Amino acid sequence: ITHLVWLRNDLRITDNKALHAACSNPDARVLAVFIATPQQWKRHHMAPRQAAFIHANLLEVQRALAERGIELVSQECSDFPAAVNWLVSFCRQQQVSALFYNRQYEINERRRDEQLEQALTGMTTCHGFDDGLLLPPGDVKTGSGEMYKVYTPFRRAFIQRLTESDVTSLPPPRPRGKVIANAGVGAFNYPPAEAGAAYPAGEEAALRRLRAFCREQVADYLKLRDFPAIAGTSNLSPYLAIGVLSPRQCFNRLRAECPRVLEEPQSGAFAWLNELIWREFYRHLMVAHPALCMQRPFIAWTDRIRWNRSETDLQAWQQGCTGYPIVDAAMRQLNHTGWMHNRLRMICASFLVKDLLIDWRAGERYFMSQLLDGDLAANNGGWQWAASTGTDAVPYFRIFNPTTQGERFDPQGHFIRRWLPELAEVPDKDIHQPHRWAQKEGRELDYPLPIVDHRQARLDTLAAFEAARRFD
Ligand code: FAD
């Protein structure tokens with residue numbers, strides 16, 4: 001008998017349900033496969049640096065599996081239909097008796113898996129696992145059996161279910177024979193890029209970071225997490241996004257360091273768990289509302305908003321040239337590193353939608369094209385939250401003021417200075433409104449003037465939302 005593990009968004013060998021199940025029969029020959037689908041990635045605007053990160057992590061998985069006598073074959077197919085065809089013939093050729101994979105929850109991925117299962121009927125048995133979440137979608141429901149539409153009650157119910165569930169992490173597979181040669185993974189047919197030295201590939205690097213964070217930093221998380229100049233968050237998102245790390249590993253490590261995490265809602269540990277639960281929330285929501293994968297807003301009437309279609313405004317935002325220092329510094333961080341601090345993602349998303357009145361989908365796409373941690377559910381959830389088109393309990397009139405957000409969360413401008421060297425000489429107290437200072441001092445700044453007046457933009461946005469809602 002031959003067992004085939006299809007690795008997708010689970011590029012690790014520890015705590016991998018599909019891999020573990022495939023290896024549970026000591027007599028089976030176990031093979032693993034990864035299929036790159038560059039055309040599909042392009043359609044979903046996946047960042048080249050994320051593809052590079054996948055490649056680097058795939059090499060690590062291949063090495064770790066080879067040490068255990070398991071071959072990992074890497075194949076490239078243009079898109080999902082081609083991948084299904086290739087897999088079917090691979091299963092036939094290798095006489096695969098059972099196929100194991102961890103479920104992905106986006107609509108195209110789910111359709112692909114259904115097609116594959118159909119095509120393999122009678123030849124290969126398929127085993128799908130809920131692996132990339134602490135609790136499977138559909139496991140946390142309201143009294144009337146529906147998915148929650150608001151986060152806080154979801155979290156309450158989620159924690160209850162979590163205490164009743166087995167979320168133990170699984171060990172890596174035992175060696176199954178001689179170490180085999182590493183076949184290597186050819187370059188993907190995707191624009192070349194670097195993932196960046198800040199995120200070394202491999203689950204060992206990810207686990208080291210997780211351990212250090214839970215031991216040394218999580219206690220201060222609540223205090224520090226909103227200040228982008230401070231490394232107060234875990235920086236684990238690139239690993240979680242492609243499954244180099246599992247949320248069970250995160251939760252179990254957290255619980256090992258902070259055994260009372262669930263009883264101490266005011267603790268840093270609980271605040272961090274809360275973020276992991278946001279991650280779950282958006283995935284559960286996407287499964288309950290597949291339209292979220294199809295560029296639809298959660299609140300239907302927001303589709304009637306008359307958006308500003310200015311390419312110039314969009315580009316100014318993308319390039320970090322809006323004249324609002326906190327927004328510009330954040331966008332440059334994104335463009336240079338592929339990562340952006342959560343507070344800044346909220347500020348930049350709010351600015352694009354509420355100050356420039358640009359369709360949130362343009363921002364969602366652009367983020368995806370740059371992010372090392374690009375993840376449809378989290379990115380879509382974040383954008384719809386910021387745009388007030390989503391499940392947020394606060395309605396559309398929450399509009400961030402980019403200047404006061406900067407003053408609150410980067411008071412001395414340490415973060416801003418890191419990314420906007422042209423503001424080096426502006427004193428701390430003026431860093432959020434540098435032109436006011438320049439004018440007073442009779443200086444010239446090589447930095448754009450604000451492209452909108454926030455007070456006016458706020459009024460225009462409120463009017464645009466109200467006009468759209470009136471016909472609801
Ligand atoms: P930590 O604060 O250490 O949090 C731990 C983990 O929890 C993160 O690694 C992440 O997996 C998860 N998480 C944290 N916050 C959120 C959240 N609000 N929603 C969902 N999961 C969360 N996160 C992504 O992983 N991919 C995205 O594409 C993405 N796009 C976003 C777009 C917008 C507009 C916004 C507002 C948020 C987005 N987020 C996204 C969520 C969040 O900003 C990042 O997960 C976080 O900044 C990653 O840094 P960290 O690993 O240090 O987070």
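Order of appearance sets the numbers: ligands from 1, and atoms from 1 within every ligand. Every value quoted in this text rests on a predicted model; they were computed, and no experiment measured them.
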Check: Phe158 and Leu135 side chains under 4.5 Å, non-hydrogen atoms: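 With C-beta onward as the side chain, the pair touches.
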
Selected option - heavy-atom contact closest to [atom], from [options]:
| atom | options | value |
| --- | --- | --- |
| atom 13 (N) of ligand 1 | Glu275, Gln384, Arg283 | Glu275 |
| atom 33 (C) of ligand 1 | Gly382, Ala241, Ala387 | Gly382 |
| atom 26 (N) of ligand 1 | Asn235, Asp373, Leu352 | Asp373 |

Examine the proximity of ligand 1 to [X] and report which part, side chain or backbone, both or neither, has a heavy atom under 4.0 Å away.
| X | value |
| --- | --- |
| Leu371 | side chain |
| Met340 | backbone |
| Leu240 | side chain |
| Trp385 | neither |
| Phe281 | neither |
| Phe213 | neither |

Show me the side-chain donor-acceptor pairs of residues 49-59 shorter than 3.5 Å, one per line, residues at least two apart or across chains.
unit_1, atom_1, unit_2, atom_2, d
Arg49, NH1, Gln370, O, 2.6
Arg49, NH1, Gln370, OE1, 3.3
Arg49, NH2, Asn335, O, 2.8
Gln50, NE2, Leu372, O, 3.4
Gln50, NE2, Gly374, O, 3.0
His55, NE2, Val185, O, 3.0
His55, NE2, Gly186, O, 3.1
Asn57, OD1, Gly202, N, 2.7
Asn57, ND2, Phe53, O, 2.8

Going by the order shown, which atoms of ligand 1 are within less than 4.0 Å of some heavy atom of [X]?
| X | result |
| --- | --- |
| Gly374 | 28 (O) |
| Tyr282 | 19 (N), 20 (C) |
| Leu236 | 9 (O), 51 (O) |
| Ser237 | 9 (O), 25 (O), 48 (C), 49 (O), 51 (O) |
| Trp339 | 48 (C), 49 (O), 52 (O) |
| Met346 | 36 (C) |

Please tabulate, one pair per line, all N/O donor-acceptor pairs under 3.5 Å involving side-chain atoms of residues 207-217, not counting sequence neighbours.
unit_1, atom_1, unit_2, atom_2, d
Arg209, NH1, Asn235, O, 3.3
Arg209, NH2, Ala198, O, 2.7
Gln217, NE2, Ala231, O, 2.8

Protein contact to [atom] [nearest heavy atom, distance to 0.1 Å]:
| atom | result |
| --- | --- |
| atom 23 (N) of ligand 1 | Ala378 CB, 3.6 Å |
| atom 5 (C) of ligand 1 | Trp272 NE1, 3.2 Å |
| atom 3 (O) of ligand 1 | Ser234 OG, 2.6 Å |
| atom 29 (C) of ligand 1 | Arg345 NH1, 3.3 Å |
| atom 17 (C) of ligand 1 | Trp278 CB, 3.9 Å |
| atom 28 (O) of ligand 1 | Asp375 N, 3.1 Å |
| atom 43 (O) of ligand 1 | Asn342 OD1, 2.7 Å |
| atom 2 (O) of ligand 1 | Tyr221 OH, 2.5 Å |

Aromatic centroids of Phe34 and Trp6 separated by under 6.0 Å: no

What about Phe351 and Tyr324, are their ring centers closer than 6.0 Å?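 Between Tyr324 and Phe351, which both carry aromatic rings, the centre distance is below 6.0 Å.
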
Could you please spell out the steps behind the salt bridge (charged side-chain N to carboxylate O under 4.0 Å, His left out) verdict for Glu263 and Arg260? CA-CA 5 Å; Glu263 290 109 68; Arg260 293 177 45 77; 3.3 Å; yes

Please confirm whether the backbone N or O of [Y] pairs with a side-chain atom of [X], one donor and one acceptor, at under 3.5 Å?
| X | Y | answer |
| --- | --- | --- |
| His45 | Phe367 | no |
| Arg12 | Gly243 | yes |
| Asn252 | Val167 | yes |
| Arg343 | Phe227 | no |
| Asn379 | Glu364 | yes |
| Asp375 | Ala378 | yes |

Find out whether the Lys NZ or Arg CZ of Arg398 is both under 6.0 angstrom from the six-membered ring centre of Trp385 and within 45° of the ring's axis. yes

Using a plain distance cutoff, I'd like to know if Trp383 has any nitrogen or oxygen under 3.5 Å from a nitrogen or oxygen of ligand 1. no

Do you know which of Arg248, Arg103, Arg8 makes salt bridge (charged side-chain N to carboxylate O under 4.0 Å, His left out) with Asp131? Arg248

